[in-house]
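Structure record follows, encoded as structure tokens.
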Protein chains: 2
Amino acid sequence: MPIMASPAPSTRDRIVAAANKLFYAEGIRGVSVDAVADKAGVTKRTLYYHFQSKDDLIAAYLAGRDQPNLELFKRWFDEARGGLAAKVQAIFDNLATSARHPKWKGCGFLRTSAELANMPGHPAIKIGAAHKKKFEAWMAAEFAAAKLSDAVLLARQVTLLLDGSFATVLLHRDPAYMEAAGQAANALITNAHRKR
Amino acid sequence: MPIMASPAPSTRDRIVAAANKLFYAEGIRGVSVDAVADKAGVTKRTLYYHFQSKDDLIAAYLAGRDQPNLELFKRWFDEARGGLAAKVQAIFDNLATSARHPKWKGCGFLRTSAELANMPGHPAIKIGAAHKKKFEAWMAAEFAAAKLSDAVLLARQVTLLLDGSFATVLLHRDPAYMEAAGQAANALITNAHRKR
DNA sequence: TTGTGTATATTCACTGGTCAGTATACATGC
DNA sequence: GCATGTATACTGACCAGTGAATATACACAA
């Protein structure tokens, strides 16, 4: 497939890209709709032509992060050498590297759910929940393919370690926690292999 | 020690109590200083007599949650039957019960750090980080007392599972994740016993 | 080919309301 | 009288969302 010149992004895409940068960097409630419109080079009224409300924009922001994030995890997993445990651990180690970048601010999905904890039915939270379920289901499929008996439980525990490291590294600003989480994931998987 | 009639709470204490309820329930940025003052039955000017700024009030809110939270964890641990792994697991199971209460909204420290992720030096974040470090150090001391070799790493991994379950249960509203995290903690500790 | 209608896309200017923080004054007890 | 604590009333900034008008593009009839 030849490399194509990417078409000029639509106005809507530019708004979502601006929202992504600002919401991720400064949080949902810390960013005004005006600020997003400015960053996108568009008037606020135009933004409200493409999105019904700020809540709608928030949902679009998270929806835009879903696939790319999952693909990144899969790529880290696929490109890692070694057995299943090592490949899962590689996700954590790669994440630790990402977390050293000064612009890293944790997981956008988890941070949004923390910020909107008083609105459990918010569309953005549903998108975040679905994203994490996809990760968990992918892990479960990998474990099941390796004929591990507790594939579902194990996938859940790896997800818990992943989200724990997002939250903890955001708090302490110390990516070493991610490596500790990766070692724990490795130990749990190795253990499951032994029991098989 | 006789049970004492609790003295009438000071104005400052009433303000912190009001801030605790509102900030925990609705998030920092979602609650105005006016709302806290109203809830405390005090004018905003009085609130600003006792606190220098909203940021100062946020820090007081978290500082007030530090000791009680740690003591609760310790009580759950002490009162549980069984070995070390079972006692740690009991923390997760008790937490799952708490999380079923409709007012439960995750961990105030983690949610605040998520909301203030763009202000890494904020006093409230330092208080949250110190709180989690205390939990981790307590766990490490318990593991060291049991002569487990990787006490420090293990304590860190249990903390990661705990924070992961806070974040994940807040997102999915499903306390079963906490039980899965408790089982993972149990497995890691049991594993460490075996290696000792 | 040109004129006209219509849907899409965008702008400027505005509203009603909220928010963090403050100037000033009053009360109370030592 | 002075320190502590509380109240009323205000400021200037910001913010989500809107009304009304304008610009662009394209379909289709004259």
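Side chain B:Lys44 to base C:dG21: a donor-acceptor pair is found below 3.5 Å.
Judged purely by atom type and a 3.5 angstrom limit, A:Lys54 uses its side chain to pair as donor or acceptor with the backbone of A:Ile28.
What separates CG of B:Leu47 from C1' of D:dT8 is a distance of 16 Å, to the nearest Å. For the pair B:Gln52 CD and D:dG5 C1', the computed distance is 18 Å after rounding to whole Å. Rounded to an integer number of Å, the gap from OH of A:Tyr48 to P of C:dT15 is 18 Å. Rounded to a whole Å, the CD1 atom of B:Ile28 is 14 Å from the P atom of C:dC19. As rounded to whole Å, 17 Å separates atom P of D:dA23 from atom OH of A:Tyr49. Across the protein-nucleic acid pair, B:Arg29 atom CZ and D:dC14 atom P stand 15 Å apart, rounded to whole Å. Atom pair B:Ile58:CD1 and C:dA20:C1' shows a separation of 11 Å (rounding to whole Å applied). Rounding to whole angstrom units, CG of residue B:Asp38 and C1' of C:dA20 are separated by 15 Å.
Taking the six-membered ring wherever Trp is involved, the centroid distance between the rings of A:Trp138 and A:Phe73 does not fall below 6.0 Å.
Here C:dC12 is the nucleotide among D:dA16, C:dA20, C:dC12 with the atom lying nearest to any side-chain atom of A:Arg45. With C:dT10, D:dA7, D:dC15 as the choices, the nucleotide that has an atom nearest any side-chain atom of B:Thr46 turns out to be D:dA7. With C:dC19, C:dT22, C:dT11 as the choices, the nucleotide that has an atom nearest any side-chain atom of A:Val42 turns out to be C:dT11. Closest to the side chain of A:Ser53, from the set C:dT10, C:dG21, D:dG17, is D:dG17.
Using a 4.0 Å heavy-atom distance criterion, B:Thr43 is classed as a base contact. Nucleic acid contact for B:Val31: sugar-phosphate only, since backbone atoms but no base atoms lie under 4.0 Å from a heavy atom of the residue.
Between B:Glu179 and B:Arg100, at least one side-chain nitrogen of the basic residue sits less than 4.0 Å from a carboxylate oxygen of the acidic one, meeting the salt-bridge criterion.
Between D:dT6 and B:Thr11, a contact under 4.0 Å exists linking OP1 or OP2 to a side-chain N or O. Contact annotation: B:His50 side-chain N/O to D:dT4 OP1/OP2 distance is not under 4.0 Å.
Nucleotides of DNA chain D nearest to B:Asp34 and B:Arg12 differ in position, and the one nearer the 5' end is that of B:Arg12.
No more than 12 heavy atoms of other residues, nucleotides or ligands lie within 6.0 Å of NZ in B:Lys39, so this atom counts as exposed by the packing criterion.
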Assess the residue pair A:Glu136 and B:Tyr177 against the criterion (side chain to side chain donor-acceptor pair (under 3.5 Å)); give the C-alpha distance rounded to whole Å, side-chain angles, the decisive distance to 0.1 Å, and a yes or no.
CA-CA 12 Å; A:Glu136 200 181 322; B:Tyr177 280 88; 2.6 Å; yes

